[in-house]
Amino acid sequence: HLFTIRTVRITDPSTYDAGSVRGTRSRLQVSQALFAQLLGVSSELVEHWEQGICPPRGAARRLLDEINRDPTGFLQRHSAPPGRRLRKVG
């Protein structure tokens, strides 16, 4: 069965302000640079989100929702090759 706009309701992603973006990054325990890399955006954009200059939009909001749903799992799935555990350096 094909899913269509008539058969499925897609919920809007959450909205994120500066504090909620910082909170999401804090749950991952990563730097702004690594957070940006995980999201596929620039470090400057993450900095702007966290300073309240501009909020995340569109796909970034949906991705932040996915991170918040399972922060540890997200980080493990996206930062280490399969079969290898992420380890902190230093």
Practice task
State the OG1-CG distance between T24 and D65, to the nearest 0.5 angstrom.
Solution key: 8.5 Å
Handout entry: R27, CZ: over 12 other non-hydrogen atoms inside 6.0 angstrom
Key = yes
Problem - Spacing of H1 atom NE2 and T7 atom OG1 [to the nearest 0.5 Å] - result: 5.5 Å
Handout entry: Heavy-atom side-chain proximity of D17 to P55 below 4.5 angstrom
Key = no
Practice task
Please examine the side chains of E47 and E50, heavy atoms only from C-beta on, and report whether any two atoms are closer than 4.5 Å.
Solution key: no
Exercise for the section: Enter the distance from L45:CG to L39:CG here, rounded to the nearest 0.5 Å. Expected result: 9.0 Å
Practice task
Inspect the surroundings of CD in Q37 and state if more than 12 heavy atoms from other residues, nucleotides or ligands are less than 6.0 Å away.
Solution key: no
Problem - Gap between atom CG of L64 and atom CH2 of W49 - 0.5 Å precision - result: 5.5 Å
Practice task
I would like to know whether V46 and Q51 meet side-chain contact (heavy atoms from CB on, under 4.5 Å); could you show each step before the answer?
Solution key: CA-CA 9 Å; V46 169; Q51 291 175 349; over 6 Å; no
Exercise for the section: Without swapping roles, check the side chain of R61 against the backbone of Y16 for a donor-acceptor pair under 3.5 Å. Expected result: no
Problem - Pair R77 + D70: basic N to acidic O under 4.0 Å - result: yes
Practice task
For L28 and L38, run side-chain contact (heavy atoms from CB on, under 4.5 Å): C-alpha distance rounded to whole Å, both residues' side-chain angles, the deciding distance at 0.1 Å, then the answer.
Solution key: CA-CA 11 Å; L28 290 177; L38 284 165; 4.2 Å; yes
Exercise for the section: Can you sort out the partners of S42 under side chain to side chain donor-acceptor pair (under 3.5 Å), two or more places apart, ordered by chain and number? Expected result: none
Practice task
Mind checking side-chain contact (heavy atoms from CB on, under 4.5 Å) for A33 and listing every partner two or more places apart, or none if nothing turns up?
Solution key: S31, S43
Handout entry: Contact summary for R62 and I10, nearest pair of heavy atoms
Key = NH2-CG2, 3.8 Å
Exercise for the section: Drop me the distance from I53's CD1 to E44's CD, to the nearest 0.5 angstrom. Expected result: 8.5 Å
Exercise for the section: Using the six-membered ring wherever Trp is involved, compare the ring planes of H78 and F74 and label them parallel, tilted or perpendicular (cut-offs 30° and 60°). Expected result: tilted
Problem - S20 OG to N68 CG distance, which is reported to the nearest 0.5 Å - result: 8.0 Å
